[in-house]
Amino acid sequence: MTPWVLRLVIANGVIYMLQLAFSNLFEPLLALYGPNVWYRPWALVTYMFLHAPNDFGHIFWNMLGLFFFGPILESRLGGPNFLRLYLISGMVGGLCWLVFSAMPVGGVGLLLGASGGVFGVQLGFAYFWPRQPIHIWGIIPIEARWLVLIMTVVSLWMGVRGGGNVAHFAHLGGFLGGFLFLRWLESRQQAPLREWQKKARPVAPRSEPAAKAVERWSRIRRDEMHEVNRGELDRILDKISATGVASLSTSEREFLDRFSARLQ
């Protein structure tokens with residue numbers, strides 16, 4: 001369990017217990033309600049920490065998804081970026097729900113639950129490890145990319161038809177928010193590299209810093225990593241062997257530096 005995943009699970013669990021103890025106290029103030037969003041904008045964030053008190057499965061399945069997919073993604077992105085992805089995904093999910101479900105005449109007027117943020121985390125997992133098999137109910141294997149595609153189609157279909165009390169457009173918004181954040185993050189990571197390349201002074205010999213970096217990266221403890229991150233480590237090290245350190249992207253360097261920093 002990584003730090004921010006643990007904090008999010010604890011926060012959701014504590015607030016759920018408070019909801020059980022003080023029913024109908026939090027929803028009017030913190031849940032996302034269409035007509036009230038203009039003067040309660042904080043609800044775009046706070047709704048993610050509320051769940052239906054009479055439906056334990058609501059919080060259970062959301063936290064289970066966060067538990068399975070969150071730690072791997074947080075290790076890949078780092079804590080701050082993981083939290084940003086989670087919150088942005090949830091906020092975009094809330095906005096999509098407002099536009100497509102809450103505002104139309106006859107739409108559902110109340111939204112609560114962490115599904116938008118959790119769906120963004122699932123999208124992030126599929127973004128970095130698209131071919132990683134996910135075992136549905138622990139039995140049926142399906143690659144992460146196809147699972148996200150199927151969930152997108154099902155959510156869109158159910159959302160258009162009207163899916164009862166399930167906020168399908170919030171799920172779709174979670175996917176969208178996660179995707180947009182990751183694309184923005186990639187473009188932002190490339191800019192400092194280009195600027196650094198312009199300003200960096202020549203180092204003689206240039207092979208020394210690269211050799212030191214490779215030596216540090218080679219000491220990463222593979223046995224302490226999740227199998228998905230071990231696979232990513234092996235892929236990057238193979239890339240270094242084939243094409244050299246200069247061929248690494250900014251995100252690949254950050255991945256190696258993040259895990260090698262734990263040795264210091």
Side-chain angles (χ1 to χ4, degrees), residues 1 4-70 83 85-123 136-137 147-148 150-152 154-178:
M1 186 81 80
W4 275 110
V5 171
L6 180 60
R7 290 169 187 150
L8 289 170
V9 170
I10 291 175
N12 278 275
V14 169
I15 293 175
Y16 182 73
M17 297 301 293
L18 290 174
Q19 286 182 266
L20 293 177
F22 305 99
S23 59
N24 299 324
L25 178 63
F26 293 94
E27 287 85 346
L29 183 63
L30 303 180
L32 189 58
Y33 181 57
N36 291 352
V37 69
W38 306 112
Y39 54 91
R40 289 180 181 171
W42 61 80
L44 277 171
V45 175
T46 57
Y47 90 90
M48 290 184 271
F49 296 90
L50 301 177
H51 290 84
N54 59 345
D55 184 4
F56 178 73
H58 189 204
I59 186 173
F60 174 78
W61 292 112
N62 279 335
M63 294 303 99
L64 188 66
L66 183 60
F67 173 79
F68 276 120
F69 297 103
L83 181 62
L85 178 139
Y86 181 85
L87 294 176
I88 289 173
S89 298
M91 292 171 67
V92 174
L95 290 172
C96 287
W97 174 83
L98 283 172
V99 172
F100 295 105
S101 296
M103 295 307 184
V105 176
V108 179
L110 190 69
L111 178 66
L112 44 80
S115 299
V118 174
F119 269 57
V121 170
Q122 293 174 353
L123 185 283
I136 307 300
W137 302 113
L147 179 61
V148 167
I150 292 171
M151 294 172 68
T152 300
V154 171
S155 294
L156 183 60
W157 173 253
M158 295 298 293
V160 171
R161 294 186 62 221
N165 293 327
V166 179
H168 295 288
F169 282 107
H171 299 170
L172 291 170
F175 280 156
L176 177 63

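Keep in mind that this is a model prediction, so the values were computed, not measured.
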Can you give me every donor-acceptor pair (side chain of residues 85-92, partner residue at least two apart or in another chain, under 3.5 Å) with its distance?
residue : atom : partner : partner atom : Å
S89     : OG   : L85     : O            : 2.7
S89     : OG   : G178    : N            : 3.2

Holding to side-chain contact (heavy atoms from CB on, under 4.5 Å), I want the full list of residues that pass it with [X], two or more places apart in sequence or in another chain.
{"X": "F56", "answer": "Y16, I59, F60"}
{"X": "L95", "answer": "L44, L98"}
{"X": "L147", "answer": "I134, I136, I142, M151"}
{"X": "F67", "answer": "M1"}

Side-chain contact test, heavy atoms from C-beta onward, threshold under 4.5 Å: evaluate it for [X] versus [Y] and give yes or no.
{"X": "L66", "Y": "V121", "result": "yes"}
{"X": "E27", "Y": "P53", "result": "yes"}
{"X": "F169", "Y": "L176", "result": "no"}
{"X": "V166", "Y": "H171", "result": "yes"}
{"X": "V118", "Y": "F69", "result": "no"}

Straight-line distance of [X] [atom1] to [Y] [atom2], nearest 0.5 Å:
{"X": "L20", "Y": "I15", "atom1": "CG", "atom2": "CD1", "result": "12.5 Å"}
{"X": "M63", "Y": "L8", "atom1": "CE", "atom2": "CG", "result": "7.5 Å"}
{"X": "L112", "Y": "L30", "atom1": "CG", "atom2": "CG", "result": "10.0 Å"}

Tell me every residue that passes side-chain hydrogen bond (donor to acceptor under 3.5 Å, both in side chains) with N62, counting only those two or more places apart in sequence or in another chain.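 Scan of N62 (side-chain hydrogen bond (donor to acceptor under 3.5 Å, both in side chains), adjacent residues dropped) gives H51, S115.
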
Here's a test for you: under ring pair (Phe, Tyr, Trp, His ring centres under 6.0 Å), which of W61, F175, W97 qualifies with F119?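 Considering W61, F175, W97, a ring pair (Phe, Tyr, Trp, His ring centres under 6.0 Å) with F119 is found only for F175.
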
How close do C96 and G173 get, heavy atom to heavy atom, and via which atoms?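 Heavy-atom minimum between the residues: SG-CA, 3.6 Å.
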
Is W157 atom CH2 crowded by more than 12 heavy atoms from other residues, nucleotides or ligands, each under 6.0 Å away?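 12 or below, so no.
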
Evaluate the side-chain contact (heavy atoms from CB on, under 4.5 Å) criterion for residues L156 and L172: first the C-alpha distance (whole Å), next the side-chain angles of each, then the deciding distance (0.1 Å), finally the verdict. CA-CA 7 Å; L156 183 60; L172 291 170; 4.0 Å; yes

